[in-house]
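Numbered from 1 within each chain, the chains take letters A, B, ... in sequence-line order. Note that the coordinates shown come from a computational prediction; the quantities given were computed from them, not determined experimentally.
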Amino acid sequence: MEALSLLMDGLAAALTPQNLVWAFLGVLLGTAVGVLPGMGSAMAVALLLPVTFRLDPTAALILFAGVYYGGMFGGATTSILLNTPGQASSIATTYEGHKMALAGRAAQALGTAVIGSFVASLIGTLVVALFAPFMVSVALNFGPGEYFALTVFSFVAVAAVVSGSVLRGLASLLIGLAVGLIGIDSQSGTPRFDFGSATMLDGIDIVIVTVGLLALGEVLYVAARGRSAPDLATTSAGRPWLSRGDWARSWRPWLRGTALGSVFGPIPGSGAEVPTFLSLGLERRLSARRERRRGVRDEFGEGAIEGVAGPEAANNSSAAGTMVPLLGLGLPTSATAAIMLAAFQQYGLQPGPVLFERDAELVWTLLASLLIGSVMLLVINLPFAPLWAKLLRLPKPYLYAGITLFSVLAVYAINTSVVHLVMLLAVTLLGLMMRAFGVPVAPALIGVVLGPIAETEFRRALAASSGDPSILVGSGISIGLYVLVLVAAAVPVVTALRRRRKARASAPAERETSDLG
Amino acid sequence: MMSRSEGPVSVPEEAPEAREDTRVPDGPGTTAAVDPESAPWSGPARWVVPALLAVVGAVALWGAFTVEAPPNATRPGPGAFPGAVGALLLVVAACLAVAGLRGSRTGDGTAGNTLSWFGARPVLVVMAGLVVHVALLEVLGWLLAGALLFWVVAYAFGARAHLRDAVVALSMSAAVQVGFSLGLGLSLPGGLLELVL
């Protein structure tokens, strides 16, 4: 319990009125940047990093933690309200979150996201504080072969679990992987699929892909559907707070999401996307099982609160988890972590195995400021949740015109380049097409994010073993992951077979089950 | 971000339309008659996705065979992954085409996704707005190009109070420009106005 008392010391050092003001400001600024479509925590931290250099380290870390959490929540807000995630880790939230908003439950979606984030960062930070050295030693066991197994696992989990049709999910995933191939090959430096354009050499930025596939694709899709599209402005806001039923349905997904985030967060390379999608898939599975076993209606696809609570909790606890490789190994595992590493170096902090001994005081202050940041997030944004939800009551033409304007802005702001906007148009058309033909876009996004990682690790593994493929199954971790892949791939097939057999069995049996539902 | 203070924004003529729409949804998924994610494709539409996948797969395979690996590159080289992705794309395209054929033969033939709900006109208007915006952004500057984009998209979504729409569009665009250049230090192109002022 030595770690706990050290954490308390850190809290004592961080909890001054002045620092609380910094935390407050950080969360406010982070949320403000995060709610711009296409901008999330990484963008918020990057934009506000220069401000922190003028502060003393403790205040800077606290401001930072506030911005980080605020930006993350801001990204979740746009996912839920506008179907536009600010960062890859809130993509999973869009599915059920936006459906909830369409069903008039935006405030509840935001509420469960805020409280879930709070619970998850609280638990996640405590887990990191208590088990950091152990987690570092596990993370060190991850070689290229294990990373590759992890990405394959995520691909299969997403294609098989998140989408309605396995074949269409696979199609979407492959499109994403193909888009991810564009640009300079990181292993050999060879230009690939650049089609003669210098800008294409950098690949297609993930902001372009998310904004195009999700935000602008959605705008065009709604335009195409005309009157048959749901009208956001007329959705009743409902009661602004979480009802008792919402709490009852949310707390287990919070804890499950937190657990997933804590397990996957510290693994370098998995980032926050993997646990958020695993959480979404898990909740979806459990919900379908509840319907089969106990007749509780499966609301997935229509805005299930579990589908917001789980992924948001996973997102935040993995954010705490990324501190493990960052502090313990000096290894940034996400864009935000990379920026934080830059900030540490400003203060002469050299993350690595000895950091916990040499700069113990600052490490514990950082962990304590994460706690303060998450409390501040709850305090500031819970009251705002119903207010943000009001955004949907704008007249439809202005709402979609505004989304379009901010989408273009987000992409232009990457590098103030018009070529990026042309790419955005192409991706937008792809997004509209996928929507119109019912091909899910989530697997494509995962393909774009994790595809390059999968390729790099695969080739690195084979390079390390000089071409011997047995390295891919060379450890217990990777074998275990491949077994999970087989299970994940087998379950939909078995379910489909069972359903077919049941349908063939007899019609009366079906009537019976529908009476129950 | 999007709060606005231009006075009341809901016009009387929009209200009845809005009320009408509330009656339509509340069904499962609150979507149109068919849920595109699970509905089988029917009619000529069923060839579009397999064709798209086949084209992307062909491009990936072409890239895999034409990419020039540097002589010192370790194997598997830069062509291996594109090759695998391309081959899988072709396989999935074939599977989807077969599934589309089978679905149209055995399916009940009513709930297919034939794209009959697709309203091309507003989509074309929005796309035109985006293309014009991209083409004119650095000439006209963010303020005018952004306002034009806002106005066109609002028009495509049924806004017909042209003057008020223009005022809202200009103030949104101006707010973004001011907010970004002052607050975040990001410069958006000034364009024409920069020359005039």
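Residues A:Ala178 and B:Val56 share a closest heavy-atom pair of CB-CG1, 3.7 Å. Shortest non-hydrogen contact noted between A:Phe193 and B:Ala64 is CZ-N, 4.4 Å. Taking both residues in full, the closest heavy atoms of B:Phe81 and A:Ala454 are given as CZ-CB, 4.3 Å, listed atom of the first, atom of the second, then distance. In this structure, A:Pro397 and B:Gly158 approach most closely via the heavy-atom pair CG-C, 4.4 Å. Nearest heavy-atom pair, A:Ala171 versus B:Leu96, reported as atom, atom and distance to 0.1 Å: CB-CD1, 4.0 Å. The two residues A:Asp185 and B:Pro78 make their nearest non-hydrogen contact at OD2-CB, 3.2 Å.
For A:Met434, no part lies near chain B; criterion is any non-hydrogen pair under 4.5 Å. Of the atoms belonging to B:Val176, it is side-chain heavy atoms, and not backbone ones, that fall under 4.5 Å from chain A. For B:Val134, the parts lying under 4.5 angstrom from a heavy atom of chain A are both the backbone and the side chain. In this structure, the portion of B:Val49 lying under 4.5 Å from any heavy atom of chain A is its side chain and not its backbone. Heavy atoms of B:Leu149 lying under 4.5 Å from chain A belong exclusively to its side chain. Both the backbone and the side chain of B:Val59 come within contact range of chain A, with heavy atoms under 4.5 Å apart. In this structure, the portion of A:Phe195 lying under 4.5 Å from any heavy atom of chain B is its side chain and not its backbone. At a 4.5 Å heavy-atom cutoff, the contact between B:Val131 and chain A is made by backbone and side-chain atoms alike. Heavy-atom distances place the side chain of B:Leu53, and not its backbone, under 4.5 Å from chain A. For A:Val179, no part lies near chain B; criterion is any non-hydrogen pair under 4.5 Å. Only the side chain of B:Leu52 has a heavy atom closer than 4.5 Å to any heavy atom of chain A.
Between chain B and the residues A:Thr428, A:Val422, A:Leu220, the most heavy-atom pairs under 4.5 angstrom are made by A:Leu220. Counting heavy-atom pairs closer than 4.5 Å to chain B, the top residue among A:Leu424, A:Leu430, A:Leu425, A:Leu216 is A:Leu425. The candidate from B:Pro122, B:Ala156, B:Gly57, B:Ala154 with the greatest count of non-hydrogen atom pairs under 4.5 Å with chain A is B:Ala154.
A donor-acceptor pair is defined here as one N or O able to donate and one able to accept, closer than 3.5 Å; no such pair exists between the side chain of A:Arg225 and the backbone of B:Gly119.
For the pair A:Leu429 and B:Met127, the minimum side-chain heavy-atom distance is below 4.5 Å.
Within the model, atoms CG of B:Leu89 and CD1 of A:Ile175 stand 7.0 Å from one another, a figure rounded to the nearest 0.5 Å. From B:His133, atom NE2 reaches atom CG of A:Leu405 across 7.0 Å, with rounding to the nearest 0.5 Å. Atom CG in B:Leu88 sits 7.0 Å away from atom CG in A:Leu170 (nearest 0.5 Å).
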Between B:Met172 and A:Phe406, is the side-chain contact (heavy atoms from CB on, under 4.5 Å) condition met? List the steps. CA-CA 10 Å; B:Met172 274 302 282; A:Phe406 277 110; 3.9 Å; yes
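Taking the six-membered ring for Trp and thresholds of 30 and 60 degrees, B:Phe157 and A:Tyr400 have nearly parallel ring planes, at less than 30 degrees apart. In this structure, B:Phe150 and A:Tyr398 have tilted ring planes: the angle between them lies in the 30° to 60° band.
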